[in-house]
Amino acid sequence: MEMLKGFLFAWLIAFSLATIAVAQNNQTGFISIDCGIPAGSNYTDIITGLSYTSDVGYVSGGVNKSISPIYQTNSLERPYLTVTSFPTGTKNCYTLTPNEGKSGKYLVRASFLYGDYDGTAQLPEFDLYIGETYWDTVTISNASTPTWMETIYTPSNDSVNVCLVKTDTTTPFISALELRPLNVSTYRTVQNSSLELFVRLDFGSLTGEEVRYSDDVYDRIWTPYKLSNKVTINTTQDILQNSYRVPLAVMSTAVIPDPVTATDPDSINFFWYADNTTDKYYIYLHFAELVELPETETREFSIYINDDLFYGPMSPDYLSATTIYTVTPGSLGIERYDVVINKTATSTHPPLINAVEIYRELKGNETNI
Ligand SMILES: *[C@@H]1O[C@H](CO)[C@@H](O)[C@H](O)[C@H]1NC(C)=O
Ligand SMILES: *[C@@H]1O[C@H](CO)[C@@H](O)[C@H](O)[C@H]1NC(C)=O
Ligand SMILES: *[C@@H]1O[C@H](CO)[C@@H](O)[C@H](O)[C@H]1NC(C)=O
Ligand SMILES: *[C@@H]1O[C@H](CO)[C@@H](O)[C@H](O)[C@H]1NC(C)=O
Ligand SMILES: *[C@@H]1O[C@H](CO)[C@@H](O)[C@H](O)[C@H]1NC(C)=O
Ligand SMILES: *[C@@H]1O[C@H](CO)[C@@H](O)[C@H](O)[C@H]1NC(C)=O
Ligand SMILES: *[C@@H]1O[C@H](CO)[C@@H](O)[C@H](O)[C@H]1NC(C)=O
Ligand SMILES: *[C@@H]1O[C@H](CO)[C@@H](O)[C@H](O)[C@H]1NC(C)=O
Ligand SMILES: *[C@@H]1O[C@H](CO)[C@@H](O)[C@H](O)[C@H]1NC(C)=O
Ligand SMILES: *[C@@H]1O[C@H](CO)[C@@H](O)[C@H](O)[C@H]1NC(C)=O
Ligand SMILES: *[C@@H]1O[C@H](CO)[C@@H](O)[C@H](O)[C@H]1NC(C)=O
């Protein structure tokens with residue numbers, strides 16, 4: 001363990017901008033494709049307010065289909081009602097040409113809901129590539145469950161290619177493809193390698209609902225997550241954003257250890273298992289103090305990853321976002337990653353956390369140059 005220190009996970013910190021970012025609820029630079037709707041058509045989704053267009057012009061080949069009526073429930077987001085499937089050809093690619101080209105950084109999300117669109121009730125499996133890089137394998141395990149995959153991608157080309165690759169007898173398909181321009185100064189990686197989303201969690205949610213656009217100007221999807229033996233604290237005040245611009249709906253709630261049920265009331269911890277011990281993880285921890293503490297009181301804590309100090313001690317500013325993030329990830333060669341947020345000895349309040357994002361570096365030819 002000792003020899004990995006410092007190498008393991010270098011940290012950095014993003015403080016709040018001096019002013020509250022003015023809400024820019026506009027879709028400048030967004031590419032939102034609802035695969036399978038009639039050629040040339042478009043619509044605005046009433047739930048998200050996002051404007052979708054058909055995939056004509058972004059891909060050649062492909063057949064448009066609707067999911068089976070029994071899967072068309074009212075709660076389903078509209079982009080999932082139709083799909084484009086690719087019964088011919090091994091590799092079929094969408095080409096997106098974002099305005100900022102290769103000088104930009106993009107969140108790219110591919111979404112899938114099988115819904116027995118072909119009436120065969122055969123759950124498909126196929127590979128997804130971004131540019132020349134293997135992205136992930138899409139494994140549909142339930143016809144009615146939406147799945148999506150996200151990368152934070154820095155293209156080496158002015159265009160972004162997303163390819164579906166047939167790997168067995170089943171047919172690749174896709175429900176929606178979305179691209180959002182990000183701030184190039186955020187989510188920085190060694191050698192501009194791309195990141196695949198592992199989890200993006202909103203702690204202490206009072207609504208239990210996902211948060212995305214227009215709450216999130218970058219349309220990241222934040223999933224509510226309950227850590228065991230934690231209680232929510234919340235505020236109705238505004239919170240200063242930093243360059244990560246985590247939405248107010250996410251930052252205005254946090255969790256602290258439950259003073260009654262927590263076995264360790266001074267600590268918040270969570271862990272995950274690496275799919276592959278060679279994987280490299282980037283982690284982004286988002287904090288804001290939500291309680292106005294008297295001068296005589298403090299909330300101070302340190303963050304450890306697998307028993308090594310990652311960052312701290314720190315005290316999040318009142319109503320102001322702080323992001324602690326990985327700069328150079330180490331490949332630990334281990335399966336389990338443990339994050340421990342411990343109260344310092346002198347702190348009068350337990351630790352808190354508002355949200356976390358964990359990404360895996362995409363390995364691939366483009367990223368290993
Ligand atoms: C939308 O936001 C972009 C910056 O993200 C800005 O340049 C543009 O002026 C905005 N458009 C409108 C209509 O507000
Ligand atoms: C497929 O597209 C054609 C023409 O673009 C359209 O007429 C048809 O309704 C579409 N089918 C489905 C299932 O949306
Ligand atoms: C949507 O379709 C209408 C016509 O049906 C067209 O006038 C409009 O420009 C389209 N909008 C986009 C964003 O493609
Ligand atoms: C760059 O774009 C060209 C033309 O679209 C394409 O042939 C090439 O494969 C792309 N390269 C990468 C790395 O995506
Ligand atoms: C890497 O590049 C080689 C040759 O250029 C190619 O055969 C292989 O499929 C690529 N692998 C990935 C994961 O893209
Ligand atoms: C598929 O998911 C739904 C909920 O989305 C669940 O009710 C159903 O039991 C699942 N089916 C299977 C085969 O797991
Ligand atoms: C990463 O991207 C930036 C901006 O596009 C570029 O200036 C820099 O040279 C790139 N670094 C590497 C190692 O590719
Ligand atoms: C926390 O949320 C509850 C329920 O929405 C609200 O009644 C309460 O005022 C909030 N607490 C603070 C400190 O804003
Ligand atoms: C992007 O991030 C940088 C560095 O954190 C910041 O200075 C800049 O204001 C941000 N730009 C936007 C549009 O948020
Ligand atoms: C783990 O990743 C390495 C390097 O990319 C690869 O060679 C190996 O096959 C992977 N192992 C598993 C179990 O997928
Ligand atoms: C965190 O604090 C607990 C006691 O509250 C202690 O058992 C544990 O070793 C500490 N973890 C680290 C990494 O310091």
Side-chain angles (χ1 to χ4, degrees), residues 11 13-17 19-21 23 199-212 215-217 220-272 283-305 310-325 338-358:
W11 54 264
I13 186 165
F15 289 106
S16 299
L17 303 176
T19 55
I20 291 173
V199 287
R200 184 184 295 119
L201 306 177
D202 173 12
F203 295 130
S205 170
L206 294 172
T207 61
E209 280 169 13
E210 268 174 17
V211 174
R212 62 178 295 185
D215 289 315
D216 188 323
V217 292
R220 289 160 294 194
I221 297 176
W222 299 86
T223 309
Y225 191 85
K226 277 180 99 69
L227 287 169
S228 58
N229 301 318
K230 304 291 177 294
V231 291
T232 295
I233 57 172
N234 65 293
T235 182
T236 51
Q237 311 255 55
D238 217 338
I239 294 176
L240 280 175
Q241 291 185 325
N242 61 22
S243 54
Y244 284 85
R245 304 190 61 181
V246 178
L248 179 63
V250 171
M251 291 305 288
S252 63
T253 63
V255 289
I256 57 171
D258 187 328
V260 179
T261 66
T263 49
D264 186 350
D266 296 335
S267 182
I268 294 173
N269 46 68
F270 51 88
F271 64 90
W272 71 91
I283 149 164
Y284 302 79
L285 300 151
H286 305 289
F287 300 100
E289 178 58 77
L290 304 181
V291 180
E292 194 168 11
L293 300 176
E295 258 177 43
T296 53
E297 296 178 14
T298 53
R299 187 193 307 280
E300 190 184 63
F301 51 81
S302 294
I303 305 159
Y304 302 86
I305 297 179
F310 179 56
Y311 186 76
M314 67 176 287
S315 288
D317 290 334
Y318 180 53
L319 302 180
S320 179
T322 301
T323 299
I324 308 294
Y325 58 94
D338 273 284
V339 176
V340 172
I341 306 174
N342 264 1
K343 177 177 113 51
T344 62
T346 53
S347 176
T348 63
H349 285 268
L352 61 67
I353 184 165
N354 307 61
V356 68
E357 294 172 85
I358 301 168

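Index from 1, following the sequence.
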key: Any side-chain heavy-atom pair of Asn354 and Val246 under 4.5 Å   = no

Non-hydrogen side-chain atoms of Pro259 and Val231 separated by less than 4.5 Å = yes

key: Close side-chain approach of Val291 and Glu297, heavy atoms under 4.5 Å   = no

query = Residues in salt bridge (Lys or Arg N to Asp or Glu O under 4.0 Å) with Asp338, at least two apart?
reply = Arg336

message = Set out, in order, the CA-CA distance, both residues' side-chain angles and the distance that settles side-chain contact (heavy atoms from CB on, under 4.5 Å) for Ile305 and Ile283, then state yes or no.
response = CA-CA 10 Å; Ile305 297 179; Ile283 149 164; 4.3 Å; yes

key: Results of salt bridge (Lys or Arg N to Asp or Glu O under 4.0 Å) for Arg200 - residues two or more places apart only   = Glu150, Glu357

Pairwise distance NZ(Lys230) to CD1(Ile256) - rounded to 0.5 angstrom = 10.5 Å

inquiry  = Between His286 and Tyr244, is there a side-chain heavy-atom distance shorter than 4.5 Å?
reply    = yes

ask   = Taking only residues two or more places apart in sequence or in another chain, which ones pass side chain to side chain contact (heavy atoms under 4.5 Å, CB included) with Leu206?
value = Thr232, Asn234, Thr253

query = Would a 4.5 Å heavy-atom cut-off, applied to side chains only, mark Ser302 and Thr344 as touching?
reply = yes

inquiry  = Quiz question: by atom type and distance under 3.5 Å, do the side chains of Ser267 and Asn342 form a donor-acceptor pair?
reply    = yes

query = Do Thr298 and Leu293 come close enough that some side-chain heavy atom pair is under 4.5 Å?
reply = no

message = Restricting to salt bridge (Lys or Arg N to Asp or Glu O under 4.0 Å), what partner residues turn up for Glu300, sequence neighbours left out?
response = none

message = Can a donor-acceptor pair be found, under 3.5 Å and without considering hydrogens, that links the side chain of Asp202 to the backbone of Trp222?
response = no

inquiry  = Do Ile358 and Trp272 have side chains that approach each other closer than 4.5 Å (heavy atoms only, starting at C-beta)?
reply    = yes

task = Check side chain to side chain contact (heavy atoms under 4.5 Å, CB included) between Thr296 and all other residues, then give those that pass, not counting sequence neighbours.
result = Pro294

task = State the CG-CD distance between Leu248 and Gln237, to the nearest 0.5 angstrom.
result = 10.5 Å

request  = Kindly determine whether Phe270 and Val356 satisfy side-chain contact (heavy atoms from CB on, under 4.5 Å), including the steps that lead there.
outcome  = CA-CA 11 Å; Phe270 51 88; Val356 68; 4.2 Å; yes

request  = Return yes if some donor-acceptor pair links the side-chain N/O of Arg299 with the main-chain N/O of Thr348 below 3.5 Å, else return no.
outcome  = no

key: Donor-acceptor contact present, side-chain Glu289 to main-chain Ser320, <3.5 Å   = no

inquiry  = Measuring centre to centre across the rings, with the benzene-like ring taken for any Trp, is Phe287 within less than 6.0 Å of Tyr311?
reply    = no

message = I'd like to know if the side chain of Asn269 reaches the main chain of Val340, judged simply by a donor and an acceptor atom lying under 3.5 Å from each other, with no hydrogens or angles considered.
response = no

query = Out of curiosity, Thr323 OG1 to Gln241 CD, how far, rounded to the nearest 0.5 Å?
reply = 10.0 Å

ask   = Is the shortest heavy-atom distance from the side chain of Leu227 to the side chain of Leu201 under 4.5 Å?
value = no

query = Who passes side chain to side chain contact (heavy atoms under 4.5 Å, CB included) against Thr261, sequence neighbours left out?
reply = Asn229, Asp258

query = Does OH belonging to Tyr318 count more than 12 external heavy atoms closer than 6.0 Å?
reply = yes

